[in-house]
2 protein chains.
Amino acid sequence: MATDQLSIVFGALADPTRRAILARLADGPATVNELAEPFAVTLPAISKHLKVLERAGLISRGREKQWRPCRLEAEPLREANEWTNRYRQFWESSFDKLDAHLRTILKGSEQ
Amino acid sequence: MATDQLSIVFGALADPTRRAILARLADGPATVNELAEPFAVTLPAISKHLKVLERAGLISRGREKQWRPCRLEAEPLREANEWTNRYRQFWESSFDKLDAHLRTILKGSEQ
DNA sequence: CGGTTAATTAGCTAGTCGGTAAACTACCAC
DNA sequence: GTGGTAGTTTACCGACTAGCTAATTAACCG
């Protein structure tokens, strides 16, 4: 994958397990085992996912006794959100809607 | 990569060349050669990128004489935007801002 | 028809991704 | 110390990705 920050963030989001982990962390910090519990994969696999999320800046990790709690860091999500937002006009005023509008106008002129 | 639609969309966005192609298409449809022109990669590489974008539903392609014009399809961007939007509260009311607020309150009580 | 332009497909290399099992580190409790 | 719990690292595997060159398809022009 590319090494620029936005590519790393989008790359991290391109996996349902990692998105589910972020969703879980929206309810508050959690340990690795708590995060792993809902998934049918081994702990090392989760550990890898967490490393990907950390590299993207989407989570941060503390140290508390033998636990390494993870917490959500949303700033990269803001940047991803802003990038997609630049295309808002294209899904709000789609060609389909333009077509429908033109048809309405034409139909009106026939009456 | 995972095969669910949102993962495919995020995966397609996880590349600066593909994001640049989408940015170019925001100015209107373009042929493959027009899209390839700004980049220091070969035409087959661009062709692959377009296939990735097409699989994600981010572009559609027509046939006009010997050209295969591409156009932007923004609906998947709306879905990506909505997914990130669910975390808006986390970047708008960050712990940093909460910290700053608490410090302001404490400082005020000292006076 | 032959020649040119547009674009894709095929085949290759190198690197990354998601997963595993097994070994290892770090901490706690007895 | 021993043992148990939490988590990471290493080594490996199969599948996929991104790039290239070379060959191929498709459509136009003369």
Side-chain angles (χ1 to χ4, degrees), chain A residues 1-25 28-72 76, chain B residues 1-22 24-25 28-72:
Chain A
M1 197 207 311
T3 55
D4 64 283
Q5 196 54 32
L6 199 49
S7 295
I8 291 172
V9 172
F10 279 130
L13 297 179
D15 183 287
T17 300
R18 287 194 291 263
R19 291 198 305 278
I21 287 174
L22 293 179
R24 164 62 187 82
L25 290 177
T31 67
V32 177
N33 272 290
E34 285 168 351
L35 291 174
E37 196 273 325
F39 304 105
V41 295
T42 59
L43 216 51
I46 299 296
S47 207
K48 277 194 183 182
H49 282 308
L50 293 177
K51 203 171 279 186
V52 173
L53 290 170
E54 194 173 20
R55 190 163 97 95
L58 288 161
I59 66 170
S60 63
R61 327 182 67 173
R63 293 217 169 196
E64 213 175 310
K65 300 190 176 175
Q66 68 268 53
W67 295 284
R68 254 137 285 191
C70 302
R71 66 157 64 218
L72 181 64
Chain B
M1 197 205 314
T3 54
D4 64 284
Q5 197 55 31
L6 199 50
S7 295
I8 290 173
V9 172
F10 279 131
L13 297 179
D15 183 288
T17 301
R18 287 194 291 262
R19 290 199 304 279
I21 287 174
L22 293 179
R24 163 62 187 83
L25 290 177
T31 66
V32 178
N33 273 289
E34 286 168 351
L35 291 174
E37 196 273 326
F39 305 106
V41 294
T42 59
L43 215 53
I46 299 295
S47 208
K48 278 193 182 180
H49 282 308
L50 294 177
K51 203 170 277 184
V52 172
L53 290 170
E54 193 173 21
R55 191 163 95 96
L58 287 161
I59 66 171
S60 64
R61 326 184 65 174
R63 292 220 171 195
E64 211 174 310
K65 300 188 175 176
Q66 68 267 52
W67 296 283
R68 254 138 285 191
C70 302
R71 67 157 64 218
L72 181 65

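Letters go in sequence order (proteins before strands), and every chain restarts at 1.
- Side-chain proximity of A/Arg18 to the nucleotides D/dT8, C/dG18, D/dA6 is greatest for C/dG18.
- The side chain of B/Trp67 has C/dA6 as its nearest neighbour among C/dG18, C/dG19, C/dA6.
- One atom, NE2 of B/His49, and another, C1' of D/dG19, lie 8 Å apart when rounded to the nearest Å.
- A sub-4.0 Å separation between OP1 or OP2 of C/dA7 and a side-chain N or O of B/Asn33 is present.
- Of the inter-residue distances, the one linking B/Trp67 atom CH2 with B/Glu34 atom CD reads 9.5 Å to the nearest 0.5 angstrom.
- Atom-to-atom, CD1 of B/Ile46 to P of D/dG19 comes out at 8 Å; the value is rounded to the nearest Å.
- Listed by residue number, the members of residues 51-64 of chain A with any heavy atom below 4.0 angstrom from DNA chain D are A/Lys51, A/Arg61.
- The B/Met1 side chain lies nearest to D/dT17 when the options are D/dT17, C/dT8, C/dA6.
- A straight line from CD of B/Gln66 to C1' of D/dG30 spans 14 Å, rounded to a whole angstrom.
- Checked for salt-bridge contact, A/Asp15 and A/Lys48 miss the test: no charged N lies under 4.0 Å from a carboxylate O.
- For B/Val41, the side-chain atoms get nearest to D/dG19 when compared with the rest of C/dT9, D/dG19, D/dA6.
- Atoms CD1 (A/Ile21) and C1' (D/dG7) sit 14 Å apart, rounded to a whole Å.
- Rounded to whole Å, the distance from CZ on B/Arg68 to C1' on C/dT8 is 7 Å.
- The nearest whole Å value for the distance from the NZ atom in A/Lys65 to the P atom in D/dG4 is 21 Å.
- Within the nucleic acid shown, A/Ala45 comes within 4.0 Å of at least one base atom, counting heavy atoms only.
- Nucleic acid contact for A/Lys48: base, since at least one base atom lies under 4.0 Å from a heavy atom of the residue.
- No side-chain heavy atom of B/Ile21 sits less than 4.5 Å from a side-chain heavy atom of B/Leu58.
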